[in-house]
There are 2 protein chains.
Amino acid sequence: MKVSTKGRYAVRVMLDLALHNTGEYIPLKEIAARQGITVKYLEQIIGMLNRAGFLQSLRGNNGGYRLTKAPEEYTIGSILRITEGDLRLTPCIEENGQECERSETCAAMSFWTGLDKVIADYVESYTLADLMKQAEDTNWDYYVI
Amino acid sequence: MKVSTKGRYAVRVMLDLALHNTGEYIPLKEIAARQGITVKYLEQIIGMLNRAGFLQSLRGNNGGYRLTKAPEEYTIGSILRITEGDLRLTPCIEENGQECERSETCAAMSFWTGLDKVIADYVESYTLADLMKQAEDTNWDYYVI
DNA sequence: AGAAAAACCTATTGAAATAGTAGGAATTCA
DNA sequence: TGAATTCCTACTATTTCAATAGGTTTTTCT
């Protein structure tokens, strides 16, 4: 019952791109250095974000990545869902909408679906812009973020 | 990012004990049959709940388990924590209170700790008594719970 | 006393998920 | 052409998960 490194790193990468956004493409090498994560591992993660349309990329020399939208438009939930998949803690309801066979008689069903809802509501309530604000409120740029 | 079967089964076992509570000891065999889970696997799970003081047990013929407290006194969170351990989704703060090395500069820290808090608040807000009510509101006793 | 029924204990196992590593192909720019 | 980059996908080691398994101990009933 943990968020994987992929999910956490995805948030860090997106935040890094948001904080260092100049309109130019930012090479993964720079992000990896700032974040202390290998380029190779980040390639996989940023690849998922890119294929989801969250980023624009440019190959070759001077290539890299940049955001396609304003930071306010990325909820943390949407970022996590790219790498973690569905964020539900229980398989009461599958992604295809199919319910657990016990659902008719399951007294815990509403507890679990309620739990999934508070999580979903929370992660949707935060955006990249909120995290940027957090970063700017602290002395983030004196450190390696 | 899923609650394990141990956690989910623990809730079902506790609810089963609460719904079938007569003051007598209930053998695991009965619970296992109702829940469709093997006795052997449930032994491990109920053992954890028992060692945590959530149950009274009696060995030997006519032995079994029963609750030690009133259903209102068991939060679902407390049950889940027995089998799942700490319910935090991220290792920002360890169980021993030690913080992640990045915590000083981590802009996502308050996001993650806030997420853990909404989860903790939610799971503490539900008790076994609430689930019993859910069970009784539906036609639970016509089915095998 | 003896048999049966239950809790109790802990090792083992197979499968899946996690957290990367690795090697190279394709693209772009200078 | 060469360097820097993205892009793609296979592989691997470790850990976690979900049980299974094989017993030992305790208690009650006959």
Side-chain angles (χ1 to χ4, degrees), chain A residues 1-13 17 24-33 35-68 80 82-91, chain B residues 1-13 16-17 20 24-33 35-68 80 82-91:
Chain A
M1 190 179 161
K2 286 275 180 280
V3 174
S4 74
T5 55
K6 281 199 171 143
R8 289 186 285 119
Y9 292 177
V11 173
R12 285 167 62 182
V13 168
L17 282 168
E24 301 294 304
Y25 288 96
I26 300 171
L28 201 42
K29 200 167 139 186
E30 286 181 21
I31 302 173
Q35 297 296 330
I37 304 171
T38 63
V39 169
K40 280 298 191 183
Y41 194 29
L42 279 191
E43 275 181 0
Q44 289 181 35
I45 295 163
I46 211 163
M48 299 172 90
L49 295 164
N50 191 26
R51 282 188 292 275
F54 279 35
L55 302 173
Q56 280 185 328
S57 67
L58 182 67
R59 288 180 167 195
N61 211 340
N62 296 326
Y65 299 90
R66 66 185 180 198
L67 301 184
T68 51
L80 289 175
I82 299 301
T83 54
E84 296 286 307
D86 157 23
L87 300 179
R88 281 173 286 209
L89 251 31
T90 46
Chain B
M1 190 179 163
K2 286 276 180 277
V3 174
S4 73
T5 55
K6 281 198 172 140
R8 289 185 287 119
Y9 292 177
V11 174
R12 284 168 63 182
V13 167
D16 189 290
L17 282 167
H20 296 89
E24 301 294 305
Y25 288 96
I26 298 172
L28 201 42
K29 200 167 139 184
E30 286 181 21
I31 302 172
Q35 297 295 332
I37 304 170
T38 64
V39 169
K40 281 299 191 182
Y41 194 30
L42 279 191
E43 273 180 1
Q44 289 181 37
I45 295 163
I46 212 163
M48 301 171 91
L49 295 163
N50 191 26
R51 282 189 292 275
F54 279 34
L55 301 172
Q56 280 185 328
S57 66
L58 183 66
R59 288 181 167 197
N61 211 340
N62 297 326
Y65 299 90
R66 66 185 182 198
L67 301 185
T68 51
L80 289 176
I82 300 301
T83 54
E84 296 286 309
D86 151 25
L87 300 180
R88 282 173 286 210
L89 250 31
T90 47

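Convention: sequence-line order gives letters A, B, ...; per-chain numbering from 1. In this text, all values refer to a predicted model and were calculated from it rather than measured experimentally. Note: hydrogens, waters and symmetry copies are ignored here, and every other heavy atom, side chains too, is used.
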Of A/Pro27 and B/Lys6, the one whose nearest nucleotide on DNA chain D sits closer to the 5' end is A/Pro27

Please compare A/Leu58 and B/Ser4 by the position of their nearest nucleotide in DNA chain D and report the one closer to 5'.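 Its nearest nucleotide lies further toward 5', so the answer is A/Leu58.
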
In the structure I gave you, are the side-chain heavy atoms of A/Ser4 and B/Met1 within less than 4.5 Å of one another anywhere?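 Counting from C-beta outward, A/Ser4 and B/Met1 never come under 4.5 Å.
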
| message | Less than 4.5 Å apart, side chain to side chain, heavy atoms only: is that true for B/Tyr65 and B/Leu28? | response | yes

**Study point:** Between CD on residue A/Glu24 and CG on residue A/Leu58, distance to nearest 0.5 Å
**Key:**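 It is 10.5 Å, given to the nearest 0.5 Å.
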
Pairwise distance CD1(B/Ile26) to CZ(B/Arg66) - rounded to 0.5 angstrom: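 Atom-to-atom, B/Ile26:CD1 and B/Arg66:CZ are 10.0 Å apart.
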
Readout for nucleotides 21-27 of chain C: B = base within 4.0 Å of protein heavy atom, S = sugar-phosphate only, - = neither; 5' to 3' it is BBBB-BB

Specify the separation, in whole Å, of atom [atom1] of [X] and atom [atom2] of [N].
X       : N      : atom1 : atom2 : result
B/Lys2  : C/dA16 : NZ    : C1'   : 14 Å
B/Met1  : C/dT18 : CE    : P     : 11 Å
B/Ile46 : C/dA7  : CD1   : P     : 7 Å
B/Met48 : C/dT10 : CE    : C1'   : 13 Å

Exam field: side chain [X] to backbone [Y], donor-acceptor pair closer than 3.5 Å:
X       : Y       : value
B/Arg8  : A/Thr90 : no
A/Thr68 : A/Phe54 : yes
B/Lys2  : A/Arg88 : yes

C/dT28 phosphate, OP1 or OP2, under 4.0 Å from A/Tyr25 side-chain N/O:
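A/Tyr25 to C/dT28 OP1/OP2: no side-chain N or O under 4.0 Å.
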
Need one value for [X]: base, sugar-phosphate or nothing, where a base atom within 4.0 Å counts as base even if backbone is also close, heavy atoms only.
X       : value
B/Tyr65 : sugar-phosphate
B/Arg51 : sugar-phosphate
A/Leu28 : sugar-phosphate

Nt span of DNA chain D in reach of chain B heavy atoms at under 4.0 Å, 5' end first, is D/dA18 to D/dC29

| said: Run B/Arg12 and B/Ile37 through side-chain contact (heavy atoms from CB on, under 4.5 Å) and show every step you take. | reply: CA-CA 10 Å; B/Arg12 284 168 63 182; B/Ile37 304 170; 4.2 Å; yes

**Item:** Atom NZ of A/Lys29 with >12 non-hydrogen neighbours under 6.0 angstrom
**Value:** no

Can you work out whether A/Asn62 or B/Lys29 has the more 5'-proximal nearest nucleotide on DNA chain C?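 The residue whose closest nucleotide sits nearer the 5' end is B/Lys29.
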
